Student: 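The structure that follows is given in the form of structure tokens.
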Amino acid sequence: MSDYSNVTVGILALQGDFERHAHQLEILGAKVVEVRVAEQLETIDGLIIPGGESTTMDILIDRFRLRTPLQTFGNTKPLWGTCAGMILLAKKIEDNQAGITPLGLLDIDVVRNGYGRQVHSFETPLPAKLGGTDVTLNATFIRAPRITRVGKNVKSLAYYEDSPVLVTERTIMASSFHTELDDDTTLMAYFLDKTLAARAQS
Amino acid sequence: MNFDDKQYKVKVGLAEMLKGGVIMDVTNAEQAKIAEDSGAVAVMALERVPSDIRAEGGVARMADPDVIEAIKRAVTIPVMAKCRIGHFAEARVLESLEVDFIDESEVLTPADYKHHVDKWSFKVPFVCGCRNLGEALRRISEGAAMIRTKGEAGTGDVSHAVRHLREINAAMKSLTVCPSDEMYTLAKEYQVPIELIRMIAKTGKLPVPNFAAGGIATPADAALCMLLGAEAVFVGSGIFKSDNPAKRAKAIVTATTHYQDAAKVAEVSRSLGDAMKGIQADDIPEEELLQTR
């Protein structure tokens, strides 16, 4: 395992399960910043938009003037959106009842609650290909978004029922599901590796 | 009691997603939309807000399925609904309506004064109120995926929520230094399995998210609960019984995210109009308290 002690990762902490992500980063030895104001983006190497409620986060991103800073950040540095975070990173949201304005950093379309409401939430072992290695993630889908279109430069790293659920483009990554609810840090380590690599190149 | 159960993890998972947010009581689709637009993370559908239940008296029951359906259609955030304590038939109805969370709530008139719902047997997660650690652990042992303080609902007086938060925190802290022989006595006193006591002794926190509720009426009330260790807040009558619900709802959401930033809490506290008038919780006769249910 790499040494992550010099990596600082921010977690957008407007609302959501940011503490669960922070817990995994601490297990891996990375530094964590809970991001609530734009200035904090300047101090971090990578950012996670956590699980939570995308409608709420979208409203708070505008209320706290984070939209342009987040877009600027995502154009140059690694960003991982989990569940609600994936919705916010998308290009387009189908059936966008809440009128969310996605950040448009990742060339995918999504449909919210694409796997159903809470009574249909589930946990499943999920095969994925991370950096050429086959792994099995413990994936939890909670009122999860479903990807309905991926752009030609988007790579799909895992599928569930034939739809992609883990995708990446440039240094942006998004997952329909949660891995932070368990102590399995495989996917978090993969994101930290991406963050280290991006920093080495810049 | 199996905390590694997949279904249970998915239930607690949704509670995790609501952290740092505000869950608002609403009685119709229009209020639900105001709540969502203000930045609420979820709404609680009910027939009357607690202060009206308190004022009007009578038996308070689960909301009309039509009202719940209308609220579900109006918003994209999770929709919760309340059932009476022990009323597992109401709970099954709510589950069949696919609400996202059920609050087995003391705000409604209890259906069973002896038993709570066996929450393990449901697919939908439950939140339950509590005043102290024993009560919290009993509800968790019955399968609750989220705990909230009871406070004293419908008063606009935050003091009882504060008392309950402090009591739970103090009891958990003392458990972390509790000798192992005393844990057996505590398990009997709390009427919960010893494993649960050992779990808290080890971690110093509840195995499920711990939210605040009961009497929260201002942005500073919300910030106070967060500073005392609550992981999110429920606001009942505090919003739609105030002068300017939309503005107050928005202010409470901002204060909950930025609870550590007093200047931001100050900024959103300006010119909100009157808060709900409320009643001092300590003036309520013992037999009229909701929290003792």
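All chains are named by letter (A, B, ...) in the order of the sequence lines, taking the proteins before the strands, and each is independently numbered beginning at 1. Computed from a prediction, not measured in an experiment: that's the story for all the values here.
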Student: Which value, rounded to the nearest 0.5 Å, describes the distance between D182(A) atom CG and K9(B) atom NZ?
Tutor: 3.5 Å
Student: Measure across G13(B) and L181(A) and return the closest heavy-atom pair with its distance rounded to 0.1 Å.
Tutor: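 Taking every non-hydrogen atom into account, CA-CD1, 3.9 Å.
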Student: Would you say the side-chain atoms of R36(A) pair up with the backbone N or O of T257(B), donor to acceptor, closer than 3.5 Å?
Tutor: yes
Student: In Å and rounded to the nearest 0.5 Å, what is the NZ to OG1 distance from K6(B) to T140(A)?
Tutor: 9.0 Å
Student: Do T254(B) and F64(A) have side chains that get closer than 4.5 Å, going by heavy atoms?
Tutor: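 Yes; the side chains approach each other to less than 4.5 Å.
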Student: Just by modelled atom types, is the M17(B) backbone N or O under 3.5 Å from a matching donor or acceptor in the R20(A) side chain?
Tutor: no
Student: Which atoms of P78(B) are under 4.5 Å from chain A, going by heavy atoms: the side chain, the backbone, both sets, or neither?
Tutor: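 Both parts, backbone and side chain.
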Student: Is the side chain of E53(A) donor-acceptor paired with the backbone N or O of A40(B) at a distance under 3.5 Å, no angle test?
Tutor: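 No, E53(A) side chain to A40(B) backbone: no donor-acceptor pair under 3.5 Å.
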Student: Please answer whether the main-chain N or O of R73(B) pairs with a side-chain N or O of Q97(A) as donor and acceptor at a distance below 3.5 Å.
Tutor: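 Pair found, side chain donor or acceptor close to backbone of R73(B).
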Student: Would you compute the distance between atom OG1 of T76(B) and atom CG of D58(A) and round it to the nearest 0.5 angstrom?
Tutor: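 Here the rounded value is 9.5 Å.
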Student: Which one, G21(B), A232(B), A15(B), S38(B), leads in non-hydrogen pairs under 4.5 Å with chain A?
Tutor: S38(B)
Student: Which region of A74(B), side chain (C-beta onward) or backbone (N, CA, C, O), has a non-hydrogen atom less than 4.5 Å from a non-hydrogen atom of chain A, or is it both or neither?
Tutor: backbone
Student: In Å and rounded to the nearest 0.5 Å, what is the NZ to CG distance from K250(B) to L60(A)?
Tutor: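 Between atom NZ of K250(B) and atom CG of L60(A) there are 10.0 Å.
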Student: So what's closer than 4.5 Å to chain A heavy atoms on D261(B): side chain, backbone, both or neither?
Tutor: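 When you check distances to chain A, no heavy atom of D261(B) falls under 4.5 Å.
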Student: Taking every non-hydrogen pair under 4.5 Å, which of R63(A), H120(A), M57(A) racks up the most with chain B?
Tutor: R63(A)
Student: Could you tell me which portion of V12(B) (side chain, backbone, both or neither) has an atom closer than 4.5 angstrom to a non-hydrogen atom of chain A?
Tutor: neither
Student: Where does T256(B) contact chain A at under 4.5 Å (heavy atoms): side chain, backbone, both or neither?
Tutor: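 Contact with chain A: none, neither part.
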Student: Check this for me: does any side-chain nitrogen of one of R117(A) and E98(B) sit under 4.0 Å from a carboxylate oxygen of the other?
Tutor: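 Not counted as a salt bridge, because no side-chain N and carboxylate O are separated by less than 4.0 Å.
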Student: Hey, does the side chain of D17(A) reach the backbone of E16(B) with a donor-acceptor pair shorter than 3.5 angstrom?
Tutor: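 The answer is no, because no donor-acceptor pair under 3.5 Å joins these two groups.
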